[in-house]
Amino acid sequence: WSQEDPHANCAMIGWVPEGILERPLPLRSATGNSADVVTTSSSEARAYYLQGLNYLHGYAWIEGARSFHQALRLDPDLAMAHWGLSRIYSGLDDHADAVKEAIRAREPGAKASAREQRRIALRLLQLDAIADLGNAALFAAYKEAIDKALATDISDVELWLIRGNAEEPTAAGRGQRDHHVDDPAVLDLDG
């Protein structure tokens, strides 16, 4: 069977073959309106990072991964592209690769801004809490760290989005789940 299937030996990231997630893609207009500032000397790498961030916000995991990989081809030290990949891999339910990318984000982190380093540290805290979803203390520490980061940089839009996701029942929240669905009061639109 594996000889007949050309994809049988493909490495997988979550449920997607890795080669698909790394495939180059063009810059596309109108993918979103992210305006995040990242540490890179390459305007093209920044453009791909922003495209990846826009796809991430739209839950378009594959196109986001492709964009972040392209940003890294243009600037291998773009820590926030690794951070974005880490978030993508969580979206693909691949915790191991999410952790690997978060650690990779930390490696070039010395060149990253203090704001970027805060986000990377938060991501690592989130991944620790995701690894032990029943540990309320880890989840609380993660949320407290987000609040502390917001106190330092209240205008960081990404932190606000992350904080909103942290209001879900677990650290694995990514904005796609409504923890109130079973609450009849929430479903009472006339009420």
I'd like to check the salt bridge (Lys or Arg N to Asp or Glu O under 4.0 Å) partners of R119; sequence neighbours left out, ordered by chain and number.
D36, D156

If you take all heavy atoms of N165 and G173, which pair is closest and at what distance?
CB-O, 3.6 Å

Applying salt bridge (Lys or Arg N to Asp or Glu O under 4.0 Å) as the test, list every pair that has at least one member in residues 130-143; sequence neighbours left out.
K143-E167

Answer with yes or no whether the hydrophobic clustering places F68 together with Y59; edges join I, L, V, M, F, W, Y residues whose side-chain heavy atoms lie under 4.5 Å apart.
yes

Quick one: are Y55 and R28 in side-chain contact, heavy atoms under 4.5 Å?
yes

Residues 122-173 vs ring pair (Phe, Tyr, Trp, His ring centres under 6.0 Å), sequence neighbours excluded, gives none

Would you list the atom pairs, donor with acceptor, under 3.5 Å between side chains in residues 146-154 and any protein atom, with sequence neighbours excluded?
residue: D147; atom: OD1; partner: R163; partner atom: NE; Å: 2.6
residue: T152; atom: OG1; partner: K148; partner atom: O; Å: 3.3
residue: D153; atom: OD1; partner: S155; partner atom: OG; Å: 3.2

Could you list the cluster mates of L25? Members are the ILVMFWY residues connected by side-chain heavy atoms closer than 4.5 Å, either directly or through other members.
L27, Y48, L74

Atom CD1 of I120 and atom OG of S86: how far apart are they, to the nearest 0.5 Å?
10.0 Å

So, Q70 side chain and P24 main chain: donor-acceptor pair closer than 3.5 Å or not?
no

Return the CH2 to CD1 distance between W83 and I88, rounded to the nearest 0.5 Å.
10.0 Å

Starting at OG of S42, measure out to CG of D77 and round the result to the nearest 0.5 Å.
11.5 Å

Check for a donor-acceptor pair, side chain of D94 on one end and backbone N or O of Y89 on the other, with a separation under 3.5 Å.
no

Honestly curious: do L138 and V99 fall in one hydrophobic cluster under the side-chain, below-4.5 Å linking rule?
no

Hey, are the side chains of R115 and V37 touching, using non-hydrogen atoms and a 4.5 Å cut-off?
yes

Between CD of E22 and CG of L72, what distance do you get to the nearest 0.5 Å?
10.0 Å

Would you kindly confirm whether L161 and L125 end up in one hydrophobic cluster when ILVMFWY residues are joined by side chain heavy atoms under 4.5 Å apart?
no

Atom of A131, atom of H95 and distance for their closest heavy-atom approach:
CB-NE2, 3.8 Å

Between the NE2 atom in H82 and the CZ atom in R106, the distance rounded to the nearest 0.5 Å is 13.0 Å

Heavy-atom nearest pair, A112 first then Q117, reads O-NE2, 2.9 Å

Any pair counted as salt bridge (Lys or Arg N to Asp or Glu O under 4.0 Å), so long as it reaches residues 65-75, sequence neighbours left out
E63-R66

Minimum heavy-atom separation for L127 to S90, with atom names?
CD2-OG, 3.9 Å

Rounded to the nearest 0.5 Å, what separates atom CD in E116 from atom CD in E158?
11.5 Å

Which heavy-atom pair separates I130 from L133 by the least distance, and what is that distance?
O-CG, 3.3 Å

Determine, stepwise, if the pair E101 / R104 fulfils salt bridge (charged side-chain N to carboxylate O under 4.0 Å, His left out).
CA-CA 5 Å; E101 287 300 328; R104 286 180 181 151; 2.6 Å; yes

Heavy atoms only: give me the nearest L21-H69 pair and the separation to one decimal.
O-CD2, 3.1 Å

